[in-house]
S.K.: 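The following block contains the structure, expressed as structure tokens.
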Number of protein chains: 4
Amino acid sequence: MCYNLLVIMKSKPKPNHGRRNQESRRALLEALKEMLIQHPLSSISIEVVAERAGVSKQTIYRWYHDKSALFIDLYETESVDRLMIPDMGSVEKELNELALQTWRFWRETACGQAFRQLVARCQSNLHASNQLRDDFMPRRRLFVTQILNRAVARGEIENGDCEVFTDLWVGFNWYHLLTNSLNDESIIPTMVSILLSGVMRK
Amino acid sequence: MCYNLLVIMKSKPKPNHGRRNQESRRALLEALKEMLIQHPLSSISIEVVAERAGVSKQTIYRWYHDKSALFIDLYETESVDRLMIPDMGSVEKELNELALQTWRFWRETACGQAFRQLVARCQSNLHASNQLRDDFMPRRRLFVTQILNRAVARGEIENGDCEVFTDLWVGFNWYHLLTNSLNDESIIPTMVSILLSGVMRK
Amino acid sequence: MCYNLLVIMKSKPKPNHGRRNQESRRALLEALKEMLIQHPLSSISIEVVAERAGVSKQTIYRWYHDKSALFIDLYETESVDRLMIPDMGSVEKELNELALQTWRFWRETACGQAFRQLVARCQSNLHASNQLRDDFMPRRRLFVTQILNRAVARGEIENGDCEVFTDLWVGFNWYHLLTNSLNDESIIPTMVSILLSGVMRK
Amino acid sequence: MCYNLLVIMKSKPKPNHGRRNQESRRALLEALKEMLIQHPLSSISIEVVAERAGVSKQTIYRWYHDKSALFIDLYETESVDRLMIPDMGSVEKELNELALQTWRFWRETACGQAFRQLVARCQSNLHASNQLRDDFMPRRRLFVTQILNRAVARGEIENGDCEVFTDLWVGFNWYHLLTNSLNDESIIPTMVSILLSGVMRK
DNA sequence: TCGTAATCGAGACGGTACGTCGTGTCTTGCC
DNA sequence: GGCAAGACACGACGTACCGTCTCGATTACGA
């Protein structure tokens, strides 16, 4: 049910028998993006998104279980490769870069504010909550584990405790996002160094 | 409009002629508390709370601006300081204990659910957000810094980076609360040990 | 659930605690009446009636199970006392008068066309069908049985077979309504005389 | 667009290159017939008929203008002339038999339900309405007039008022069909006797 | 023998309406 | 004045069918 961007993009361009209409998907995400600039996610109804995108409600429900899923599609589409950190030869450099990019992405696009709304919404919607935890977050956490895996390969850090490390990483960033404190980037290196101390090879 | 706990507590013990009915307030919070145990936040409507408490909707709206305000009243009423960890001679033990107590407090009382609602509300309310960051959280963070200060005094850890350490600490716990994953307590020691590595005296 | 006109009209004028808002009921029927002039019932949605009457959908559903019930309220309100035939001393005269009045009522107001739509609708809606048979028609049939009862009292006709007589009566009129043949009133006396032969006292 | 039975029946027995697939037409009517037995008309959607018949919606719309047209095709296909009553020597016996057969035909085949749909459709379609009154009904009424004619020949009844008699007859049956009350056959003799009283030779 | 043209299944789509739910406001009459 | 009761306008929900529209596979026919 959940739409997979990459698979679609790689499939041959010959379109449409009973397959998803890419045009309507694009219009949908575009409409949502524009609306997110002015309104919090919670005040944006599926009804209005559909109307604005020139798409029927049913089409939304066909591809997305709810508003959150729609936003997630947008979020992932927008953040693709912005948070893909290249090999910089050092886990410390890469983690610093990832945190910096994440904070900037959140500050500079509508996505930061929108993600806050998404988290908020999940606090009163069981399905959205499960989806966030089991579907969306694992994909986000990959950006971190990728870096960690490279570091393991380089022999920089021990292999293990990767999940808890990522919990701490994500928690730190969420906390700053959710309390509106993404401004002081100077604390990032400290955070990285505290975390790395716990996993560095002696 | 928003109900202020202290004012009520100072009012005479047998008041009531046109003043707020304490009985209905108590019934309201009680009903809410019971429901939070069994039902996800999402499925609790003001309508149902009112009915269960035997209170009219109007009475709720007279005293609370909206649903969140009701949850917050519950949270503040319930949250006694059961998170004060005594000196156990070791920062590691104390931090483990604090995390454990925090998770249990959130899991076993309605407060975890209520706090989630509080955080959610702050994502679309600037004033609430500032209050959370500048007023409420500093008090909560004291539970951690207190332990850290004792550890510094004992010579266990370096003095410094306390704020970032606490950010990581709080972030980790929030993350697990907000994603509904407070069940697996076995990861707590790992978390504590990673964090402490970054600040332990060599 | 089904609204009873007479009870309301007789109740004391002091209005409204949780009681039905008469103004919105009036607006509703008025809106429906106007729309029936231009559109068949089947093409009139509850949504639009509500909007036109300046009333919320919920309010309609509170008082009427479905569109048919709403129309029935209108129909009965409109036809009240138009089809109440006074004692004319002779069952034959009275039945002739009743048929004449019925045909004219159907021809001259929106109600005839609307009633056709109502019957049509009942052919594909079980609930509407039951309501028509068990709720609405018994009240309509009273206009006939009233006349028959008077005739029995006068000794004009036998007491019995009243139901079948009324079936025949109603069927005849329905048939002419549903086949768009309400024009030739000259057949009415023949119909009356055939029917009466079967029940007259010898 | 509207499918014409006769044209099909005259077409060569083994046609089909881009011609209509008889198998899917048969499956369609069969599915419809079966569903009419168990489900009220209201709950039968084109979508479900198509699925049950293993036929695509498009195929239905290619051959029928709308849902009613589909029902009508069924009615005309199914309605063989099983209502031809033989001479039984008595008009009363014959009329009783005719009513009984009619009711059973409507109850036991899908045709009763289909005919209800036909009548319903005529209430918002002038052309269909005229056709019903001027084309279809006269043929149906023949079953009655035939019996009446025989009775006149036998000298049982007066010659005259045949049309009004038939109006009453048909109206009575329609009324019971359209209100879903074809179950209590015990009222039929009463109906016959009332009607006959009005036309019997003294 | 191979187009070619229409039918067919599948099913996505834009629509319209549905009937329900929840919010927050309002009114009434009791206390 | 607070309060229970409950009607109300509003807005959104998620679902059900409608009738239209591609698409690619199938199937005869006629060149």
Side-chain angles (χ1 to χ4, degrees), chain A residues 14-21 23-25 42-51 53-63 65-67, chain B residues 15-24 42-51 53-67, chain C residues 14-21 23-25 43-51 53-67, chain D residues 14-24 43-51 53-67:
Chain A
K14 67 172 173 181
N16 270 16
H17 125 258
R19 269 184 283 295
R20 179 165 190 189
N21 181 341
E23 181 47 37
S24 68
R25 171 171 177 268
S42 60
S43 78
I44 299 176
S45 73
I46 291 221
E47 214 127 31
V48 173
V49 175
E51 188 181 2
V55 144
S56 81
K57 264 203 299 181
Q58 192 58 265
T59 296
I60 296 185
Y61 284 110
R62 198 181 342 266
W63 301 107
H65 179 273
D66 63 7
K67 222 183 349 180
Chain B
N16 268 14
H17 80 286
R19 288 290 184 282
R20 178 166 192 190
N21 180 342
Q22 285 306 309
E23 181 47 36
S24 68
S42 66
S43 70
I44 301 180
S45 69
I46 288 234
E47 214 123 34
V48 174
V49 176
E51 187 180 5
V55 146
S56 82
K57 270 203 301 177
Q58 183 59 353
T59 298
I60 296 184
Y61 284 107
R62 205 184 330 271
W63 301 108
Y64 303 97
H65 177 267
D66 62 10
K67 189 158 69 161
Chain C
K14 67 171 172 180
N16 270 14
H17 126 258
R19 269 185 282 295
R20 179 165 191 188
N21 180 341
E23 181 48 37
S24 68
R25 171 171 178 267
S43 77
I44 299 176
S45 74
I46 291 221
E47 213 125 31
V48 173
V49 175
E51 188 181 2
V55 145
S56 80
K57 263 202 299 179
Q58 192 60 266
T59 296
I60 297 185
Y61 284 110
R62 200 184 336 272
W63 300 108
Y64 304 98
H65 179 273
D66 63 8
K67 218 178 1 176
Chain D
K14 282 193 175 182
N16 269 16
H17 83 284
R19 288 289 184 285
R20 177 165 193 190
N21 181 340
Q22 286 307 308
E23 180 48 36
S24 68
S43 70
I44 301 179
S45 71
I46 289 232
E47 213 123 36
V48 173
V49 175
E51 187 181 5
V55 146
S56 81
K57 271 204 298 177
Q58 183 61 345
T59 298
I60 297 183
Y61 284 108
R62 202 180 338 267
W63 302 108
Y64 302 97
H65 177 266
D66 63 10
K67 190 156 70 160

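Only this structure's heavy atoms are used, side chains among them; waters, hydrogens and symmetry mates stay out.
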S.K.: Restricting to side-chain contact (heavy atoms from CB on, under 4.5 Å), what partner residues turn up for A/Thr59, sequence neighbours left out?
M.R.: A/Ser24, A/Val55, A/Ser56, A/Arg62, A/Trp63
S.K.: Show the nearest heavy-atom pair for residues D/Ile44 and D/Lys67, with the distance to one decimal.
M.R.: O-NZ, 3.2 Å
S.K.: If you assign A/Gly54 and D/Thr59 each to the DNA chain E nucleotide with the nearest heavy atom, which residue ends up on the more 5' nucleotide?
M.R.: D/Thr59
S.K.: Could you give the CZ-to-C1' distance, from A/Arg20 to F/dT22, as a whole number of Å?
M.R.: 17 Å
S.K.: Return the set of residues passing salt bridge (Lys or Arg N to Asp or Glu O under 4.0 Å) with B/Glu51 (not counting sequence neighbours), or none when no residue passes.
M.R.: none
S.K.: Anything under 3.5 Å between a protein N or O and an N or O of nucleotides 19-23 of chain E, put it in a table, one pair a line.
M.R.:
{"from": "E/dG19", "atom 1": "OP2", "to": "C/Tyr61", "atom 2": "OH", "distance (Å)": "2.4"}
{"from": "E/dG19", "atom 1": "N7", "to": "C/Lys57", "atom 2": "NZ", "distance (Å)": "3.0"}
{"from": "E/dG19", "atom 1": "O6", "to": "C/Lys57", "atom 2": "NZ", "distance (Å)": "2.7"}
{"from": "E/dC21", "atom 1": "N4", "to": "C/Gln58", "atom 2": "NE2", "distance (Å)": "2.9"}
{"from": "E/dT23", "atom 1": "OP1", "to": "B/Ile46", "atom 2": "N", "distance (Å)": "3.3"}
{"from": "E/dT23", "atom 1": "OP2", "to": "B/Ile46", "atom 2": "N", "distance (Å)": "3.2"}
{"from": "E/dT23", "atom 1": "OP2", "to": "B/Glu47", "atom 2": "N", "distance (Å)": "3.4"}

S.K.: How long is the span from the CG atom in B/Asp66 to the OH atom in B/Tyr61, to the nearest 0.5 Å?
M.R.: 8.0 Å
S.K.: Looking at D/Trp63, I'd like to know whether one of its side-chain N or O atoms comes within less than 4.0 Å of OP1 or OP2 on E/dC8.
M.R.: yes
S.K.: Whole Å only: how far is the CD atom of D/Gln22 from the C1' atom of F/dA28?
M.R.: 15 Å
S.K.: Between P on F/dA16 and CD on D/Glu51, what's the gap in Å once rounded to a whole number?
M.R.: 12 Å
S.K.: Taking CZ from B/Arg62 and C1' from E/dT27, how many angstroms apart are they, rounded to a whole number?
M.R.: 12 Å
S.K.: How many whole angstroms separate atom CD1 of D/Ile60 from atom P of F/dT20?
M.R.: 13 Å
S.K.: Output the single nucleotide from E/dG14, E/dA10, F/dA9 whose closest atom is nearest the side chain of C/Ser56.
M.R.: F/dA9
S.K.: In whole angstrom, give the distance that lies between atom CG of D/Asn21 and atom C1' of F/dA28.
M.R.: 13 Å
